[in-house]
Amino acid sequence: MGLAAGSSRWPSCVSHAFILVAGLLILSNMPCEAQLSSSFYDNTCPSALSTIRTAIRTAVSRERRMAASLIRLHFHDCFVQGCDASILLDDSPTIQSEKNAPNNNNSVRGFEVIDNVKSQVENICPGVVSCADILAVAARDASVAVGGPTWTLKLGRRDSTTSGLSQAATNLPTFRDGLDRLTSLFSSKGLSTRDMVALSGSHTIGQARCVTFRDRIYGNGTNIDAGFASTRRRRCPADNGNGDDNLAPLDLVTPNSFDNNYFKNLIQRKGLLQSDQVLFNGGSTDSIVTEYSKSPSTFSSDFSSAMVKMGDIEPLIGSAGEIRKFCNVIN
């Protein structure tokens, strides 16, 4: 009887246990949706962010222009196959480097700064922090280093094992672009017109080469201040091939400080690049430029939000891609 009574309960216990184990197995095999998180490195590399911040401060203190270069490097990375550090890859038998694209060649810079940061981070946390995340953090810290806004970064991007040279030729804005082209390009990346104007405000710092604004200052257009054009011609000869690499600040007033003078310049028809001045030229973005010119806090807030959105463009997460040991080559 005792055996019979016990045996009558035993199958029930087993069946419940089996259901529990089966349920756990099903849950364990369900795909987990990996996400970017501001606390991604809190446990795996807690000193990563402070290490990057110190290195970026040092680099910008040595060369103020580097702040603009690092922000632009992150931007040019994200617009080509997502924020995956593909822009950092050098040519190899299997890689056609994005560095050779028309909008990058002899233009994007700061690679040695990123390489230095990566080396420092690898020394404390080998194989943990991606080059894509370093680019994102470096852009934020570069902004802060020149008086610009900060923002809460979402981290956890991984590095690509491919390059997007052909995409780089079509997915990056050029200094000749009109408003419709710029609006369409940013929209294709999930960024609004307001995001586009705010991100363009990063041209409050940095410099441009003569070859990128020669046509504008010699074009006798109605949307450029005559005195401004005259000033810029002093170091930018009219003839192609003569002084092409001579530099001029994108913001003549406060070239090394992150502020809203860029928008004030546009209203005065003193945008250096044609792709800058189209933002205030009787079109749909005039009102946004006017708003930012009057409210530095609104510009800073919108710029921060737009940078976060840009950093979310098609990241590699979970098990996709890899964590490169050196940013310029795949493992």
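Keep in mind that the numbers below use all heavy atoms, side chains included, and drop hydrogens, waters and symmetry copies.
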Side-chain heavy atoms under 4.5 angstrom apart, residues restricted to Ile, Leu, Val, Met, Phe, Trp, Tyr: same cluster for Val80 and Leu89?
->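 No, Val80 and Leu89 fall in different hydrophobic clusters.
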
hydrophobic_cluster_shared for Leu273 and Leu252, side chain cutoff 4.5 Å | yes

About how many Å separate CG of Leu70 and CD1 of Ile114, when rounded to the nearest 0.5 Å?
->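 The distance works out to 5.5 Å.
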
Should the pair Arg53-Asp141 be classified as a salt bridge under the 4.0 Å nitrogen-to-oxygen rule?
->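 Judged by the 4.0 Å cut-off on N to carboxylate O distance, Arg53 and Asp141 do not form a salt bridge.
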
Please check if any side-chain donor atom of Asp302 sits under 3.5 Å from a side-chain acceptor atom of Ser305, or the reverse.
-> no

Is a side-chain N or O of Arg214 found less than 3.5 angstrom from the main chain of Pro237, in a donor-acceptor match?
->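 Yes, Arg214 side chain to Pro237 backbone: donor-acceptor pair under 3.5 Å.
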
Cut-off 3.5 Å, side chains only: do Arg72 and Ser107 have a donor facing an acceptor?
->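 Yes.
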
Output yes when a side-chain donor or acceptor of Arg232 lies under 3.5 Å from a complementary backbone atom of Phe213, and no otherwise.
-> no

Mind running side-chain contact (heavy atoms from CB on, under 4.5 Å) on Phe228 and Gln268 for me, showing each step along the way?
-> CA-CA 10 Å; Phe228 173 74; Gln268 297 170 11; over 6 Å; no

Atom pair CE (Met307) and CG (Leu191), whose distance is rounded to the nearest 0.5 Å | 10.5 Å

Decide if atom CZ of Arg57 counts as having more than 12 heavy atoms of other residues, nucleotides or ligands within a radius under 6.0 Å.
->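 It does not: Arg57 CZ has 12 such atoms or fewer within range.
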
Considering all heavy atoms of both residues, which atom of Ser202 and which atom of Ile71 are nearest to each other, and what is their separation?
-> CB-CG2, 4.2 Å

Is the backbone of Ile95 close enough, under 3.5 Å, to the side chain of Ser92 for a donor and an acceptor to pair up by distance?
-> yes

Keeping the roles fixed (side chain from Asp91, backbone from Ser97), state whether a donor-acceptor pair exists under 3.5 Å.
->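 Confirmed, Asp91 side chain pairs with Ser97 backbone.
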
Main-chain N/O of Arg235 paired to Asn246 side chain as donor or acceptor, under 3.5 Å |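 Yes, because the side chain of Asn246 sits within donor-acceptor range (under 3.5 Å) of the backbone of Arg235.
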
Would you say Gln277's side chain and Phe280's backbone share a donor-acceptor pair under 3.5 angstrom?
->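 At least one qualifying donor-acceptor pair exists.
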
Examine Leu316 and Leu73 and state if one hydrophobic cluster contains both, with Ile, Leu, Val, Met, Phe, Trp and Tyr joined whenever side-chain heavy atoms are less than 4.5 Å apart.
-> no

Is atom CD of Glu122 surrounded by more than 12 heavy atoms (other residues, nucleotides or ligands) closer than 6.0 Å?
-> yes

If you group Ile, Leu, Val, Met, Phe, Trp and Tyr by side-chain heavy-atom gaps below 4.5 Å, do Leu172 and Leu179 land in one group?
-> yes

Does Ile323 share a hydrophobic cluster with Leu153, counting links as ILVMFWY side-chain heavy atoms below 4.5 Å and allowing steps through other members?
->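 Hydrophobic grouping puts Ile323 apart from Leu153.
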
Pairwise distance CD1(Ile317) to OG(Ser130) - rounded to 0.5 angstrom = 12.0 Å

How far apart are the C-alpha atoms of Leu49 and Leu155, what are their side-chain angles, what is the distance that settles it, and do they pass the side-chain contact (heavy atoms from CB on, under 4.5 Å) test?
-> CA-CA 11 Å; Leu49 297 187; Leu155 303 168; 3.9 Å; yes

Intermediate values then yes/no, side-chain contact (heavy atoms from CB on, under 4.5 Å), Arg140 and Trp151 = CA-CA 7 Å; Arg140 190 268 311 272; Trp151 51 91; 3.4 Å; yes

Using a distance-only test with no angle check, is there a side-chain donor-acceptor pair under 3.5 angstrom linking Thr204 and Asp259?
->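 Yes - a donor-acceptor pair under 3.5 Å links their side chains.
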
Does a side chain donor of either Asp251 or Asn265 reach within less than 3.5 Å of an acceptor in the other side chain?
->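 Yes, Asn265 and Asp251 have a side-chain donor paired with an acceptor closer than 3.5 Å.
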
CG on Leu88 to CG on Asp115, rounded to 0.5 Å |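 So the CG of Asp115 and the CG of Leu88 are separated by 7.5 Å.
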
For the pair Thr193 (side chain) and Thr183 (backbone), establish whether a donor and an acceptor sit closer than 3.5 Å, ignoring hydrogens and angles.
-> no

Determine the interplanar angle of the Phe299 and Phe258 rings, folded into 0 to 90°, and report it as parallel if under 30°, tilted if 30 to 60°, perpendicular if over 60°.
->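 Parallel: the ring planes of Phe299 and Phe258 meet at under 30°.
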
Within a radius of less than 6.0 Å around CG of Asp42, do more than 12 heavy atoms belonging to other residues, nucleotides or ligands occur?
-> yes

Test side-chain contact (heavy atoms from CB on, under 4.5 Å) applied to Leu279 and Met196, step by step = CA-CA 10 Å; Leu279 301 181; Met196 183 262 290; 3.7 Å; yes

Look only at the side chain of Ser143 and the backbone of Ala139, and say whether a donor-acceptor pair between them is shorter than 3.5 Å.
->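 Answer holds: no.
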
Rounded to the nearest 0.5 Å, the CZ atom of Arg269 sits from the OG1 atom of Thr222 at a distance of 7.5 Å

Does the side chain of Ser86 pick up a donor-acceptor pair with the side chain of Glu98 at under 3.5 Å?
->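 Judged by distance alone, the side chains do pair up.
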
Check: Asp133 side chain, Arg157 main-chain N or O, donor-acceptor pair, under 3.5 Å | yes

Under 3.5 Å, is there a donor-acceptor pair between the side chain of Asn105 and the main chain of Pro102?
->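 No; zero donor-acceptor contacts below 3.5 Å.
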
First locate atom CZ of Arg209, then atom CZ of Phe175, and finally report the distance between them rounded to the nearest 0.5 Å.
-> 8.0 Å

Would the number of heavy atoms belonging to other residues, nucleotides or ligands and lying under 6.0 Å from NZ of Lys325 be above 12?
-> no

In sequence, state the C-alpha distance, the side-chain angles, and the governing distance for Asp195 and Ser192, and then conclude on side chain to side chain donor-acceptor pair (under 3.5 Å).
-> CA-CA 5 Å; Asp195 294 329; Ser192 69; 3.1 Å; yes

Might you confirm whether atom CG of Asn43 has over 12 heavy atoms from other residues, nucleotides or ligands at distances under 6.0 Å?
->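 Result for CG/Asn43: open.
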
